[in-house]
2 protein chains.
Amino acid sequence: MASKKYIKLRARWMRDEEIAFGPGKADLLAAIDRTGSISAAARDMGMSYRRAWLLVDTMNRCFRSPLVDSAPGGKHGGGARLTDTGRRVRQRYLEMEDALRALADEFEKDLKKDLR
Amino acid sequence: MASKKYIKLRARWMRDEEIAFGPGKADLLAAIDRTGSISAAARDMGMSYRRAWLLVDTMNRCFRSPLVDSAPGGKHGGGARLTDTGRRVRQRYLEMEDALRALADEFEKDLKKDLR
DNA sequence: ATTCGTTATGCACGGCAGGATATAGCGAAG
DNA sequence: CTTCGCTATATCCTGCCGTGCATAACGAAT
């Protein structure tokens, strides 16, 4: 079969019109956890610092307690770390994603019958 | 509670890099079924005819058998109708959407604890 | 034959999300 | 006290998606 058929799934946790959490933010949290800073995480993911900072800002504003705490100061000074809330929320989100993915996969069989 | 918290879900059936089917296309099919033409459906949904036509074109190319068949000629001449495949595929998609929605809703409870 | 409302297609314009860039302030290490 | 890399923020720029508009051919009804 030459063509790839699959279901692309996206789940976003909304707060009013803002995207409180989603796949991009989950990845970003992982990168921050890995690198220890917003800017290094952004570089790592090939996204602009601006965008990464905006994502973090939105998350922190949307949740009762911040998911990332950050401090200015370079090299061995500041940086950014995931809070416990951040880790827990991300975990929860991934669990939801997995559950949805598993369910969606059940429908792929029918799908492939009709899709070219 | 002043702020609205909810999960926004989107599922797309992909064929390679093209979107074979999704929420917008499902709505469009309904509108075509209702109005009997692509252009009337587009007007009805407040979208451009061009976009509606592109959506139909993509659908028809991605599936083994077309979801919409259309004929030129105005007023009482041409127009567009859903094929049986079109109706069935849309139905299947809606069922999948409902199942995913129901599952996602189970996660909303946890979500609201943390969201502001 | 004329009219009307389609299908089908191309092209130019506009809005906007995100990238690039600039600047200021900070904190620890050397 | 200098340097380095970070946070935080503003401004400009650009690429892309979709709308709007124009055109041509068509088919049924009048």
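Quick caveat, the model's predicted, so the values are computed rather than measured.
For R88(B), the side chain to side chain donor-acceptor pair (under 3.5 Å) partners two or more places apart in sequence, or in a different chain, are D114(A). Among residues two or more places apart in sequence or in another chain, the salt bridge (Lys or Arg N to Asp or Glu O under 4.0 Å) test is passed with R51(A) by none. Shown here are the side chain to side chain contact (heavy atoms under 4.5 Å, CB included) partners of Q91(B), two or more places apart in sequence or in another chain: E95(B). The side chain to side chain contact (heavy atoms under 4.5 Å, CB included) test applied to D110(A) returns K113(A), R92(B), not counting sequence neighbours.
Applying the ring-ring contact (aromatic ring centres under 6.0 Å, His included) test to pairs two or more places apart or on separate chains, none has a residue in residues 61-86 of chain B. Residues in residues 59-72 of chain B take part in these side-chain hydrogen bond (donor to acceptor under 3.5 Å, both in side chains) pairs, two or more places apart or across chains: E18(B)-R61(B), D57(B)-R61(B), S65(B)-T85(B). For the ring-ring contact (aromatic ring centres under 6.0 Å, His included) condition, no pair includes a residue of residues 97-116 of chain B, sequence neighbours left out. Listed by first and then second residue, the side-chain hydrogen bond (donor to acceptor under 3.5 Å, both in side chains) pairs that reach into residues 3-15 of chain A come to none, sequence neighbours excluded. For the salt bridge (charged side-chain N to carboxylate O under 4.0 Å, His left out) condition, the pairs that include at least one residue of residues 30-41 of chain B, sequence neighbours left out, are D33(B)-R87(B), R34(B)-D44(B).
Of all nucleotides in DNA chain D having an atom under 4.0 Å from a heavy atom of chain B, the first and last in 5' to 3' order are dG18(D) to dA29(D).
K25(B) places no side-chain N or O within donor-acceptor distance of the main-chain N or O of T58(B), the cut-off being under 3.5 Å.
Rounded to whole Å, atom P of dA20(C) lies 13 Å from atom CZ of R43(A).
DNA chain C lies under 4.0 Å from no heavy atom of any residue of residues 4-35 of chain A. The stretch residues 48-82 of chain B comes close to DNA chain D through S48(B), R50(B), R51(B), P72(B), G73(B), G74(B), H76(B), G77(B), each having a heavy atom under 4.0 Å from the strand.
Comparing G46(A) and S37(B) by the nucleotide of DNA chain C whose heavy atom lies nearest to each, the residue mapping closer to the 5' end is S37(B).
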